[in-house]
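Everything below concerns the one structure shown next.
Each chain gets a letter, A, B and so on, in the order the sequences are listed, and its residues count up from 1. Computed from a prediction, not measured in an experiment: that's the story for all the values here.
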2 protein chains.
Amino acid sequence: MARSAGRTRPVIKDVAKLAGVSAPTVSRYLNGTVNVTEDKRERIAKAIKELGYEPSIVARALSNREMDSVVVFAANPSAFSTSETNHGVEAAARKRRFLLNIVSLDESDMDSVKARVRMGLSIRPAGVIVYEYDRAGIAALEYIPKDMPMVVVGGSFGDGEYQVINAERDGGRWMTMHLLDLGHRTVFHVGRPEGPTDNTRTNGWRDALKERGVTAPDPIIVPDDDLEESVKAGRTLGRRGDVTAIFAGNDETAIAVIRGLREVGRRVPADVSVVGFDDRNFGAMWNPALTSYTQNFLDMGERSFRMLFEQIQAKRAGDDAPPSQVEVVQGKPCLRASERAYGDGEIA
Amino acid sequence: MARSAGRTRPVIKDVAKLAGVSAPTVSRYLNGTVNVTEDKRERIAKAIKELGYEPSIVARALSNREMDSVVVFAANPSAFSTSETNHGVEAAARKRRFLLNIVSLDESDMDSVKARVRMGLSIRPAGVIVYEYDRAGIAALEYIPKDMPMVVVGGSFGDGEYQVINAERDGGRWMTMHLLDLGHRTVFHVGRPEGPTDNTRTNGWRDALKERGVTAPDPIIVPDDDLEESVKAGRTLGRRGDVTAIFAGNDETAIAVIRGLREVGRRVPADVSVVGFDDRNFGAMWNPALTSYTQNFLDMGERSFRMLFEQIQAKRAGDDAPPSQVEVVQGKPCLRASERAYGDGEIA
DNA sequence: CTGAAAGCGCTTACAG
DNA sequence: CTGAAAGCGCTTACAG
């Protein structure tokens, strides 16, 4: 547990003195705003190295009225999707020497959203990223000044200007199509509450059925974290003769549904095909190994920062904002053993 | 997607003018460093409210040479333990109006540790929290100045001054004891690579066996994320006649071990008891429902910040640093159905 | 191309 | 208790 000795950090003036130039010249060298003659460049570089100088990002921020920092506003901060996206943002930000601030939002405390956003903005970040999967994220938008570079992650294809969307809806559509392609007449759905955006798995399921011209059965919506309800949904569906394929809103739900199905004597996948979503929670080791769909949140995070950075650069250069854009980050299916073609049942 | 209009924020001078006092007086009111007369207090409070004034944390930071911010250094940023601890830190920090910066470390890129730490320190945070579960975390310590308030999370009971430790080792000991209490002669272990601290599950397993005077069998260490190896370990152990109880280093491993055991014809828990750790990944829905051990990372995060804040306050007040301390955050066992008393096998 | 001056928005001695 | 002044460490017009 060695700790280095605490000596006071050198400042720009120290560098200037050692290099025999003025502080503004060092500043210009650092920021590349104006040309600095070659010999001075060299002396400055040498001085910086010798002193181990690192510019104060705080002083720079006060001067620039803006900090080289992004703040991420996210409800549900300990979800895998959130932390993995954060990680991607941080990695991309670090390359530009931007710091990441995390401000959590709380779905169950909507009153605090405004205060939290203001607190996050109090460092005057260069830009913000809002995870718009839920009401808190959407509420946050209202408090973010219009001229602040911003990108919205994960939400709807609404009227936002800069968005990075994940394949929630596309994925749901894909999984449902897959089941339909296997010959199932229709696909039932056990999903989670939908939230405020339309980029949802459940909508993807609806899309697929609609495209194939089959009427969507009523979806069964189970509260988050209530596995017992999902087991019950499995039993309910298992007792019906016409259920041969189920798209579950996530892997936990799928596994609970399978349990319910078995409790009423249905085999998976022999009698009923069940697929999940997220590819988390160890579905690959399940019996049968669970077919699922995985998303690339790391990539989403990186792309979000890059999209934000374009806006920041344009703003700093005094240019027009880049054209608005929506990037869709595709996930991919993980085909395993929990589903099968319709009619193959007797073989199992 | 409403965005509020961007007007420029009021500064301390605006408040001073409106309240009919000087800026330093507003500052004193805000920081409570010196008494301000009642009538002025009221006028200032009114002006702040009227203008919607929020102090610039950046300007304050430049003046104080310190920002109201904590930086967390953590490798493995998308792990549940990390993000949940972060969440706790953030929640506690927010109460003190501190911001949270996240800087990820990378186990596979030890060369970057120094640069990342320096970058994190470049905002001059009031304190830092280092997650010391791995080599990168430990390496980071070296670059943090001695006079910087710091708390170390999760690591060993080493020579650190301020530590918040989770129940890795205690938990491992508890689970092993539990199996021993059920009458098993010994407990085998399939664990993950141990890392650099001694606060590990595997050490807890050793502790328990030692306390009971039983010689520890060789542990089987499987690489992270290599489930096949764990399945293999299950097969290997299953072929031996003397294996009746296994403590797995986490739930994934436990489930893979169970699979291996079954492949060679052993029943769980009838023939072999298996327990996991972490209580993640849906072990409760497994068949048999997996006995495991859960930790409170949220609480760890909150405690870490509070411990840090004590140091920060002392430093700012010019007082001596608080006495060094180690807080151990206990987890708790989740007893389910994957283990049973030794000798009950024939009943199953 | 480069330096002296002023300013970003606070806080902290220093007088009163 | 309170105000005028100076300073935190940068950057950006403004002259040269």
* For a side chain to side chain contact (heavy atoms under 4.5 Å, CB included) with B:Met307, tell me which candidate from B:Val153, B:Ile129, B:Val164 qualifies. => B:Val164
* Have a look at B:Arg43 and tell me which of B:Val21, B:Leu18, B:Ile48 forms a side chain to side chain contact (heavy atoms under 4.5 Å, CB included) with it. => B:Val21
* Test for a donor-acceptor pair under 3.5 Å between the base of D:dG9 and the side chain of A:Arg9, counting only N and O atoms. => no
* Hey, is the side chain of B:Arg124 pairing donor to acceptor with the base of D:dG9 inside 3.5 Å? -> no
Would you indicate which nucleotide in [options] comes nearest to any side-chain atom of [X]?
{"X": "B:Asn31", "options": "C:dT11, C:dC1, C:dC10", "result": "C:dT11"}
{"X": "B:Ser63", "options": "D:dC1, C:dT11, D:dG9", "result": "C:dT11"}
{"X": "B:Pro24", "options": "D:dG9, C:dT12, C:dG3", "result": "C:dT12"}

* Is D:dC1 paired to anything, Watson-Crick or G-U wobble with both distances less than 3.5 Å, and if yes, which nucleotide? -> C:dG16
* May I ask you to decide whether A:Glu54 forms a salt bridge with A:Arg97, counting only side-chain N to carboxylate O separations under 4.0 Å? => yes
* Salt bridge B:Arg124-B:Glu66, side-chain N to carboxylate O under 4.0 Å -> no
OP1 or OP2 of [N] less than 4.0 angstrom from a side-chain nitrogen or oxygen of [X], does that happen here?
{"X": "A:Tyr29", "N": "D:dC10", "value": "no"}
{"X": "A:Lys40", "N": "C:dC1", "value": "no"}
{"X": "B:Ser27", "N": "C:dT11", "value": "yes"}
{"X": "B:Arg65", "N": "D:dC8", "value": "no"}
{"X": "B:Thr37", "N": "D:dC1", "value": "no"}
{"X": "A:Asn64", "N": "D:dC10", "value": "no"}
{"X": "A:Lys13", "N": "D:dG9", "value": "no"}
{"X": "A:Ser22", "N": "C:dG3", "value": "yes"}

Nucleotide [N], atom [atom2] - distance to [atom1] of [X] in whole Å:
{"X": "A:Leu62", "N": "C:dC10", "atom1": "CG", "atom2": "P", "result": "9 Å"}
{"X": "A:Ile12", "N": "C:dA5", "atom1": "CD1", "atom2": "C1'", "result": "15 Å"}
{"X": "A:Arg43", "N": "C:dT2", "atom1": "CZ", "atom2": "P", "result": "9 Å"}
{"X": "B:Ile57", "N": "C:dG9", "atom1": "CD1", "atom2": "C1'", "result": "13 Å"}
{"X": "A:Leu51", "N": "D:dG9", "atom1": "CG", "atom2": "C1'", "result": "15 Å"}
{"X": "B:Met67", "N": "C:dC10", "atom1": "CE", "atom2": "P", "result": "14 Å"}
{"X": "B:Arg60", "N": "C:dC8", "atom1": "CZ", "atom2": "C1'", "result": "16 Å"}
{"X": "A:Glu66", "N": "D:dG9", "atom1": "CD", "atom2": "P", "result": "22 Å"}

* Asked: In terms of the angle between their ring planes, are A:Tyr131 and A:Tyr133 parallel, tilted or perpendicular, with boundaries placed at 30° and 60°?
  -> perpendicular
* NA contact type, A:Val36, heavy-atom cut-off 4.0 Å: base, sugar-phosphate, or nothing? -> sugar-phosphate
* Is the closest side-chain donor-acceptor distance between A:Asp109 and A:Ser112 under 3.5 Å? -> yes
